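Reading through the structure tokens given below for one structure.
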Protein chains: 4
Amino acid sequence: MSELIMNLEAINERLAASPFNRWLGLHAEQVSPERAQLRMPWRAELEGGKGMTHGGIFACAIDAAAFAVILAAKGQSGPTIDMRVDFHANAIEGDFVITADLLRAGSRIATVDVRVQSAAGRLLASGRCVYAAVR
Amino acid sequence: MSELIMNLEAINERLAASPFNRWLGLHAEQVSPERAQLRMPWRAELEGGKGMTHGGIFACAIDAAAFAVILAAKGQSGPTIDMRVDFHANAIEGDFVITADLLRAGSRIATVDVRVQSAAGRLLASGRCVYAAVR
Amino acid sequence: MSELIMNLEAINERLAASPFNRWLGLHAEQVSPERAQLRMPWRAELEGGKGMTHGGIFACAIDAAAFAVILAAKGQSGPTIDMRVDFHANAIEGDFVITADLLRAGSRIATVDVRVQSAAGRLLASGRCVYAAVR
Amino acid sequence: MSELIMNLEAINERLAASPFNRWLGLHAEQVSPERAQLRMPWRAELEGGKGMTHGGIFACAIDAAAFAVILAAKGQSGPTIDMRVDFHANAIEGDFVITADLLRAGSRIATVDVRVQSAAGRLLASGRCVYAAVR
């Protein structure tokens, strides 16, 4: 029903405007006004100890994926108000696939559900982000 | 009342065992069984765009600081179960000071409150982490 | 793939064992090992002021629905560890329909996604509950 | 530094304007622009089963206490955006004492930390609420 306000190329430009997103190697693969799918390659610097990816890395990916779907639906976004992350399993090596679903976008806030999966489809983490709308 | 199970030096060794914590430059400055204070220098790669620190970076620091105070009180910890982060203000340049207060450590989980402040004492982000206990 | 461990009738008996669930008029309508759907009638005592349902009421319904799907999948549950609730819209009058999806049930915790809708299908609130497993 | 915008009597009138708050027996005992302390008597209808208070009841009390401190500081409030509740211990009988600390009140949102204790001072639950500002 809703239309795509920002396309894949423009969203990737916006993501890459962040030095930290570039360092993470995050990029969007598919976007619609309801969903954005991002990919992030695993790399040795992401380790949190004990052969696990640092929990904060999943939070970073979740925040970026939520931002991407808001851009797709709205073309712009205010800052993150708050986020929740649940850690379900861990993994190292291989790519991470991050899927953000726009739950609701109102005049004041946007709410996004995000899942992080291994390339093989295993659920690693999930989260919810609330972003402020641009005023 | 409670005693320090792991000291500052050992906690910093554990934090530095994580390649990503090393990349972030996170280190503990003070620890007690109830509180850990960490410091993280700002650097250009942490930028999330528009002169702001990437929201995920605060989540990384919060997760690490919560881990540090659990080590101080318990000597060991299981993985993070979930976390919440609220973003209050943004800042670039200067150090970030992260303070983690152990709210409760039971036989199954530990709950930690964390605040991220600028070097000047401005509240930038706050969070809550639930960690699983080692079984 | 998974099988139903507790059936609808037994789950409703367990829900009704709680005086507060009885007061709320909460009951399960459909259950599977992956999903429980509950219904709760609106009533004047649920008002939080200004023609709105009290926010805490949605939290109560979310907590109960998460418990129901864990019973369906596992037959038993430990207590709630933590929950998050997002409030999307408000409504008074009519029934509330609460749908709980079991995201993951491990040996230590179970994670559940819950949505509260009006009888007409409008999304009113959504939440996530983490329950401890029985040890 | 900040001044009290709504006094104790007026806050209790606003709380009591909610039929559900009246049912709960919630009332404010002390308020300042930074903190509100509420009290709620235990009653048999609050039981969630197994001699425990229903988890949702703590969420209701947390939401109401957060609202009270925002009224004290601002005189008015928009609706709750989201909340988190952590359950630390359970208790029945006796009063619950709920303390809400205003962490930050900006032009768009207010963030509040809340603790629920038994009359004897035992920490039972804690939570965080984000409320929208009135526009």
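Just so it is clear: chains get the letters A, B, ... in the order the sequence lines come, proteins before strands, and each one is counted from 1. It should be emphasised that the depicted structure is a prediction, and the values quoted were computed from it without experimental measurement.
In this structure, the side chain of Asn12(C) engages the main chain of Ala28(C) through a donor-acceptor pair within 3.5 Å. Put simply, the side chain of Asp95(A) never gets that close to the backbone of Arg39(A): no donor and acceptor are under 3.5 Å apart.
Looking at Ile109(C), there are no atoms closer than 4.5 Å to chain A (heavy atoms on both sides), in backbone or side chain. For Arg108(C), no part sits under 4.5 Å from any heavy atom of chain A, backbone or side chain. Only the side chain of Arg104(C) comes within less than 4.5 Å of a heavy atom of chain A; its backbone N, CA, C and O stay farther away.
In this structure, the separation between CZ on Arg22(A) and CG on Leu15(A) is 11.5 Å, given to the nearest 0.5 Å.
In the model, Asp63(A) has a side-chain atom that pairs as donor or acceptor with a side-chain atom of Thr80(A) under 3.5 Å.
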